[in-house]
Amino acid sequence: MTDKENLLANEDRFNSIYENLKNKLQNTSISINLDEIIITIDSDNPDPIEISIKDNKETYRVTYWDGYAVNEFYDYSNLNKAIKKFNKFSQKALSNIEKFGIK
């Protein structure tokens, strides 16, 4: 089994994270590809909030973009650790939106 298959094999976990966000934020979308999964929280900002995980062959890069200035990323060789960070980033996005709103 290759790493790319692992991402799609865990599609249910990503959909669960997405559904949790979508239940609280109606303007949320998910894009699932062979080597990348992106959750986008749309707003009036032309560069919206995004949480993504990308399979880079040897590592998984998990990225958080707040739509303005904060861009964080972490590389993991273990997919489960990467999914945990992906989930933490989705919780961080929700928390920031609850505190500061969506612009």
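Values below: all heavy atoms of this structure, side chains included; hydrogens, waters and symmetry mates excluded.
Each of Phe100 and Trp65 belongs to its own hydrophobic cluster when Ile, Leu, Val, Met, Phe, Trp and Tyr are linked at side-chain heavy-atom distances under 4.5 angstrom. By the rule that hydrophobic residues join a cluster once side-chain heavy atoms approach within less than 4.5 Å of another member, Ile39 and Leu25 end up as members of one cluster.
Ile32 has its side chain within reach of Asn15: a pair of non-hydrogen atoms, C-beta onward, lies under 4.5 Å apart. Inter-residue side-chain proximity for Leu7 and Leu34 is flagged as unmet; no heavy-atom pair is nearer than 4.5 Å. No side-chain heavy atom of Leu79 sits less than 4.5 Å from a side-chain heavy atom of Asp55. When side chains are defined from C-beta on, Asn80 counts as touching Arg13, because their heavy atoms get closer than 4.5 Å. Side-chain contact between Phe89 and Glu72 is present, with heavy atoms from C-beta onward closer than 4.5 Å. Side-chain atoms of Ile17 and Ile51, non-hydrogen and from C-beta on, never get closer than 4.5 Å to each other.
Distance check: Glu98 CD to Ser95 OG gives 6.0 Å after rounding to the nearest 0.5 Å. Note: Lys92 NZ to Ile49 CD1 = 11.0 Å, rounded to the nearest 0.5 Å. Taking OG of Ser52 as the reference point, atom OH of Tyr64 lies at 12.5 Å (rounded to 0.5 Å). Note that CZ of Arg61 is 11.0 Å distant from CD of Glu36, once rounded to the nearest 0.5 Å. One distance of note links NZ of Lys54 with CG of Asp75; it measures 12.0 Å at 0.5 Å rounding.
Counting only distance, with no hydrogens or angles, the side chain of Tyr18 and the backbone of Thr28 share a donor-acceptor pair below 3.5 Å. The main-chain N or O of Ala69 is found under 3.5 Å from a side-chain atom of Asp66 such that the two form a donor-acceptor pair. Although no hydrogens or angles enter the test, the distance criterion places a donor-acceptor pair under 3.5 Å between the side chain of Ser90 and the main chain of Asn87.
Nearest heavy atoms, Phe14 versus Ile37: CD1-CD1, 3.2 Å. Here the shortest heavy-atom pairing between Asn33 and Leu8 reads O-CD2, 3.5 Å. Nearest heavy atoms, Ser29 versus Asp42: OG-OD2, 4.0 Å. The heavy-atom pair separating Val62 from Ala82 by the smallest distance is CG2-O, 3.4 Å. For the residue pair Ile53 and Ile83, the shortest heavy atom distance occurs at CD1-N, 4.4 Å. For the pair Gln26 and Asn23, the tightest heavy-atom approach, listed with the atom from each and the gap, is NE2-O, 3.9 Å.
The side-chain tip of Lys81 does not point at the ring of Tyr76 from less than 6.0 angstrom away and within 45° of straight on.
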